Amino acid sequence: MRKFLSRALKVAGVAFIILVLAYSAVAVVLYSSMGRFPLKDTPPPPRRINNLVWPTVGFPAVTRPGYSVVVEFDPGNGVQDAGRENPAGWKASMKASRAGLSSLTYRLKALKAWLAFSERWPRGTRHGSPRKVWRVEFQVPPETVPELYDLTVEAVKGEGWTPDTQPHSVSVTDKANNDFRFVTLADIHVHRRDISWLFQEQTDKGISRDGTPVYFEEAIEQVNLIRPDFVILLGDFVRAQHSPGDYQLEFEEFFKTMLRFEVPVFTVPGNHDLYVNEVNGAKVWEETFGPLRYSFDMANCHFTAVNTSDWPFQDRIVMEKFGLFVYPRKWQGQVSRASNERDPETFKGQLAWIRDDLEAHAESRLRVVLMHHDPYTPDGEGRAWENERFAGAFTMGGGGKGRRALLELFSRCRVDSVFSGHLHCDDVGRERWSAGGGETVFANQTCVYFDEGGVQEKYPGYRLVEIEGAAVTSFAYLDREHSIPLYDGSVLDGETNVDRLSLPAISAEYAEPEADREAAGAAWTVRSYLAQPMELRGLVTGVDSPDGGFVARGGEIYRVVPIPGTGRSLVYLSARLGAGVPGRSASDTGKPFEREVSVRPAEAEVEAAARALTP
């Protein structure tokens, strides 16, 4: 018996030593830089921000007819050319982004130009101080039609001009109050097909054979039907986490599809967007969308966009381990930096910028923060900042700093709402302000794509945020938590088989007029499977311009725009839809609220009425 116990102890000791050595070996591989994707001189996606550095496609300007917009222009070498201080040395024009209005253009008058630090790119960013840019004030013509525009700015250069264009970069609106609507979308994750494997499942649902992200196109179609005042994309536009070179392919598909939006889009970076996969995602971001952090105002409401993937370059490099795991060192949240996260006076870097931005807008009637990683959810724990555990033995991905500092700032500076993604789920938390008088609402939201597929306790969706009198009056579907589903059959509190989702929650089927009856106008069959009323303002069509105007049925005409040189007009209609009856599951089709909406020339309506009265 003694010999048996002695031998058993020896075997156990040897097994323990082997286990420790094996664990150590695996830990060395997992935590080291082994398996990094190669850093090649691979051509990155095309640089889309060159000389015109604001406004941009991902950080647009919003203005009104007759008002001015101050653009920022960085011509590179010779930036301090004194000759450019003369407004005559600058030109600008706007062209409507909407395909049906491409012939609608305006010339903008240059009022003044001066060399200064950027007010749109914070210090330390690509075009921020200590670098200076040209700031040029242009006046928008009073007759400008409220729409989304591509902006072209030209700077005199010797005997010629240096032109640059930013698509979808200026939104002209006729709104002047604190009532508006915006949509938030998170975790779009444009990706290639056939990338699913054992430890990183990924469905091909919604990706066509040629790689088109059809699910993203479908989401944009529904957003365009709603036609909010603007859209906010809360990060993770690509996946970039399977093979070397994924980033470039996925990013190009995303950017091409993003241009389908017919309203201005503000972009916020996620961890996947800043990964280093042959190319540096942070650099691509600044060359495409704009600064990684920024702020803007809508009427008397202030928005602060934060980069919560504030990790060093080495921590963002994608690696492959054992041919099974693909990840960077860090993918959870971090915002730097502070020596004492409960004392804003010690904040530096991005945290100091956030502090100064919020304090400078203390008198704004509403303060909203936009970010990818939620520092609060769930219940103050900040799961988006924590390490994740693998195989019950290894922790990685998180441990970032700045979470407590953000909560401190939001409480002290009376931030009203924080919108975020990353966790792929709906969750809403609330924390009272330290001085009382209100609370910060943390609204995390579900993803746009179908994730790993199969049965999930989530569904693809979006938030429609309504602001009335500079106060958030609604941001959830039916209750105080959930996102609006993109598809009928989505289950709010339960499991949804996302593989079976296919029927858009809202849609408008356009009825093409017969060739010899264009004067009859246009019509849609509009449907909603949502269990709440919806207002759609994106019913837009081109019809022949009559002498007596137009008449609408089932909706209201709120704008008519003559299309230059065509004898036709673009007619904008809104329609209010009642609540439908959604399907109880992805296998159960609901009963939609359905309405016919049409627009016809007024004289055609009169003639039709006369025929109806004729015996």
Side-chain angles (χ1 to χ4, degrees), residues 48-65 67-74 92-99 101 104-106 108 118-122 125-127 133 135-140 144-153 164-176 180-185 220 223-224 226-235 237 254-269 273 285-299 301-305 368 370 419 465 467 538:
R48 293 180 167 94
I49 296 179
N50 296 292
N51 304 125
L52 178 56
V53 300
W54 191 85
T56 69
V57 66
F59 183 8
V62 179
T63 187
R64 295 169 59 195
Y67 281 59
S68 65
V69 58
V70 178
V71 309
E72 296 189 348
F73 199 87
D74 186 350
S93 62
M94 297 191 313
K95 176 182 177 181
S97 304
R98 183 184 292 274
L101 278 177
L104 186 65
T105 61
Y106 298 96
L108 280 62
S118 171
E119 290 191 4
R120 302 296 179 174
W121 290 73
T125 57
R126 186 179 184 87
H127 297 282
V133 298
R135 308 194 74 234
V136 189
E137 183 177 4
F138 289 99
Q139 184 176 27
V140 176
T144 302
V145 172
E147 254 294 357
L148 183 63
Y149 292 89
D150 302 343
L151 175 67
T152 298
V153 175
D164 196 16
T165 299
Q166 274 292 316
H168 296 211
S169 59
V170 176
S171 175
V172 179
T173 177
D174 52 5
K175 289 190 175 182
F180 53 88
R181 305 189 302 170
F182 63 90
V183 162
T184 58
L185 298 166
I220 292 174
V223 172
N224 286 340
I226 296 170
R227 200 164 192 261
D229 295 285
F230 57 96
V231 167
I232 296 170
L233 303 183
L234 293 168
F237 305 160
F254 169 82
F255 188 84
K256 179 174 64 176
T257 307
M258 172 190 169
L259 293 179
R260 288 173 170 259
F261 279 112
E262 296 172 349
V263 293
V265 175
F266 292 88
T267 56
V268 180
D273 305 315
W285 182 280
E286 290 199 317
E287 291 179 349
T288 305
F289 300 121
L292 293 166
R293 62 181 189 270
Y294 61 91
S295 63
F296 62 94
D297 294 293
M298 290 287 173
C301 304
H302 186 68
F303 293 77
T304 305
V368 178
L370 313 169
F419 293 99
V465 185
I467 310 294

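Side-chain atoms are counted along with the backbone in the values below, which use heavy atoms only and exclude waters and symmetry mates. Owing to the predicted nature of the structure, the values given are computational and were not obtained by experimental measurement. Numbers here are sequence positions counted from 1.
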Drop me the distance from [X]'s [atom1] to [Y]'s [atom2], to the nearest 0.5 angstrom.
X	Y	atom1	atom2	result
Gln166	Leu151	CD	CG	8.5 Å
Arg98	Tyr149	CZ	OH	10.5 Å
Ser93	Phe138	OG	CZ	9.5 Å
Thr56	Glu287	OG1	CD	13.0 Å
Leu370	Leu233	CG	CG	10.5 Å
Leu259	Phe254	CG	CZ	9.0 Å

Compare all side-chain heavy atoms of [X] with those of [Y] and state whether any distance is below 4.5 angstrom.
X	Y	answer
Phe182	Met298	no
Val231	Val223	yes
Ile232	Phe419	no
Tyr67	Val140	no
Asn51	Asp74	no
Ser118	Val53	no
Pro65	Val172	yes
Phe289	Asp273	no

Closest contact, heavy atoms only, [X] versus [Y]:
X	Y	value
Arg120	Tyr294	O-CB, 4.1 Å
Pro264	Pro60	CB-CG, 3.9 Å
Ser169	Val57	CB-N, 4.3 Å
Ile49	His127	CG2-NE2, 4.4 Å
Asn224	Arg260	ND2-O, 3.0 Å
Glu286	Pro291	OE2-CA, 4.2 Å

My understanding is that only one of Thr165, Thr105, Asp164 makes a side chain to side chain donor-acceptor pair (under 3.5 Å) with Thr152; could you say which?
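For Thr152, the side chain to side chain donor-acceptor pair (under 3.5 Å) test succeeds with only one of Thr165, Thr105, Asp164, which is Thr165.
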
Asp297 meets the salt bridge (charged side-chain N to carboxylate O under 4.0 Å, His left out) criterion, sequence neighbours left out, with none

Take Val145 and Leu104 through the test side-chain contact (heavy atoms from CB on, under 4.5 Å) and record every step on the way to the result.
CA-CA 9 Å; Val145 172; Leu104 186 65; 4.0 Å; yes

Parallel, tilted or perpendicular for Phe266 and Phe59, by the 30°/60° rule?
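Because their plane-to-plane angle lies in the 30° to 60° range, the rings of Phe266 and Phe59 count as tilted.
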
Determine the interplanar angle of the Phe230 and Phe296 rings, folded into 0 to 90°, and report it as parallel if under 30°, tilted if 30 to 60°, perpendicular if over 60°.
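Phe230 and Phe296: perpendicular rings.
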
Stepwise side-chain contact (heavy atoms from CB on, under 4.5 Å) test for Val62 and Phe180:
CA-CA 13 Å; Val62 179; Phe180 53 88; over 6 Å; no

With side-chain contact (heavy atoms from CB on, under 4.5 Å) as the test, would you mind laying out the steps for Arg64 and Thr173 before giving the verdict?
CA-CA 5 Å; Arg64 295 169 59 195; Thr173 177; 4.2 Å; yes

Phe237 and Trp285: aromatic ring centres closer than 6.0 Å?
yes

Would you check, one step at a time, whether the test side-chain contact (heavy atoms from CB on, under 4.5 Å) holds for Ile226 with Arg181?
CA-CA 10 Å; Ile226 296 170; Arg181 305 189 302 170; 3.6 Å; yes

